[in-house]
Amino acid sequence: MKIIIESNEYSSHKDLSEKDQDLISFAIKHLNTSHSPYSNFKVGAAVRLQNGKIWGGSNQENSSFPVGICAERVAISTASSQSPGISISSIAIVYSDHENNHNSPLAPCGMCRQAIREQTLIQKSPIKLILTTLHGQTMVISDADDLLPLSFTLKN
Ligand code: THU
């Protein structure tokens, strides 16, 4: 078996569509709502629904570390609880740390990939991932499921 992940890379947000730039701006805005006193690593996420609605989220940490939750899962859970039954078409993810001199986009953690995978199974349509940085370097993956091949699902 050979697993191939396809992505498109950009060096500036301006190279993306206006819709995608708006979603990125929403994710960047949500960095301000991050509660991350333990890692000092802020993550912002924004999901665009098929009806055009956008929901955001940020990482929420806890003094009992495992209680913390990633930005992606906050945003997805907000969308599915506030706009139930509406498919997600894309998710933008951005981060900021002490130095903010990073050039590579954040790849979602394994738990978030599993959460996104469950969402694509529910909605039966792919979710585009826009992984970006404050400086503009961006990676777009047209089907988030590509990041979790051979996943565990209800079928298993
Ligand atoms: N984090 C996210 O919010 N999303 C990810 O995909 C990876 C990590 C958060 C969790 C924690 O609050 C901080 O980043 C450092 O791991």
Side-chain angles (χ1 to χ4, degrees), residues 3-11 13 16 19-49 53-83 86-123 125-153:
I3 293 167
I4 295 170
I5 299 174
E6 282 182 14
S7 70
N8 288 308
E9 270 115 75
Y10 305 88
S11 56
H13 294 159
L16 295 150
K19 257 172 128 181
D20 287 351
Q21 289 184 53
D22 286 350
L23 198 64
I24 289 171
S25 299
F26 212 80
I28 291 174
K29 235 172 45 197
H30 273 77
L31 289 172
N32 295 324
T33 67
S34 165
H35 174 64
S36 43
Y38 307 103
S39 69
N40 285 312
F41 189 83
K42 295 172 194 270
V43 185
V47 304
R48 178 185 292 283
L49 305 186
K53 174 83 190 158
I54 295 177
W55 291 106
S58 56
N59 55 331
Q60 302 297 320
E61 297 182 351
N62 192 282
S63 55
S64 174
F65 291 175
V67 176
I69 179 166
C70 294
E72 297 89 320
R73 278 175 290 137
V74 171
I76 293 167
S77 302
T78 302
S80 53
S81 52
Q82 299 299 313
S83 299
I86 315 288
S87 300
I88 295 174
S89 47
S90 48
I91 306 180
I93 305 161
V94 66
Y95 66 109
S96 101
D97 58 17
H98 290 303
E99 301 185 352
N100 273 340
N101 59 6
H102 44 255
N103 292 322
S104 46
L106 171 92
C109 79
M111 258 200 213
C112 290
R113 292 179 198 206
Q114 181 75 23
I116 295 167
R117 171 79 180 123
E118 182 92 4
Q119 180 60 35
T120 60
L121 284 170
I122 293 167
Q123 66 183 45
S125 62
I127 296 175
K128 178 166 84 172
L129 277 189
I130 304 162
L131 311 175
T132 193
T133 67
L134 290 171
H135 297 297
Q137 294 86 352
T138 305
M139 181 186 282
V140 177
I141 296 167
S142 55
D143 184 351
D145 280 359
D146 289 354
L147 288 188
L148 197 65
L150 306 174
S151 64
F152 178 79
T153 67

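In listed order, ligands and their atoms are each counted from 1.
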* Asked: Which is it for Leu134 and Leu31 under the side-chain contact (heavy atoms from CB on, under 4.5 Å) test, yes or no, and what are the steps along the way?
  -> CA-CA 11 Å; Leu134 290 171; Leu31 289 172; 3.9 Å; yes
* Do the side-chain N and O atoms of Thr132 and Thr138 include a donor-acceptor pair separated by under 3.5 angstrom? ->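 Per modelled atom types, Thr132 and Thr138 side chains form a pair under 3.5 Å.
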* Decide if atom CD of Glu118 counts as having more than 12 heavy atoms of other residues, nucleotides or ligands within a radius under 6.0 Å. =>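 No - once you tally the heavy atoms of other residues, nucleotides and ligands closer than 6.0 Å, there are 12 at most.
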* Name the residues with a heavy atom less than 4.0 Å from ligand 1? ->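 These residues qualify: Ser39, Phe41, Val43, Asn59, Glu61, Cys70, Ala71, Glu72, Pro108, Cys109.
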* To do: Taking all non-hydrogen atoms of both residues into account, name the closest pair between Gln21 and Leu16 and its distance.
  =>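 In terms of heavy atoms, the two residues are closest at NE2-O, 3.0 Å.
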* **Between OG on residue Ser151 and CD on residue Gln114, distance to nearest 0.5 Å** => 6.0 Å
* Asked: Short question: side chain of Asn103, backbone of Gln137 - any donor-acceptor pair under 3.5 Å?
  -> no
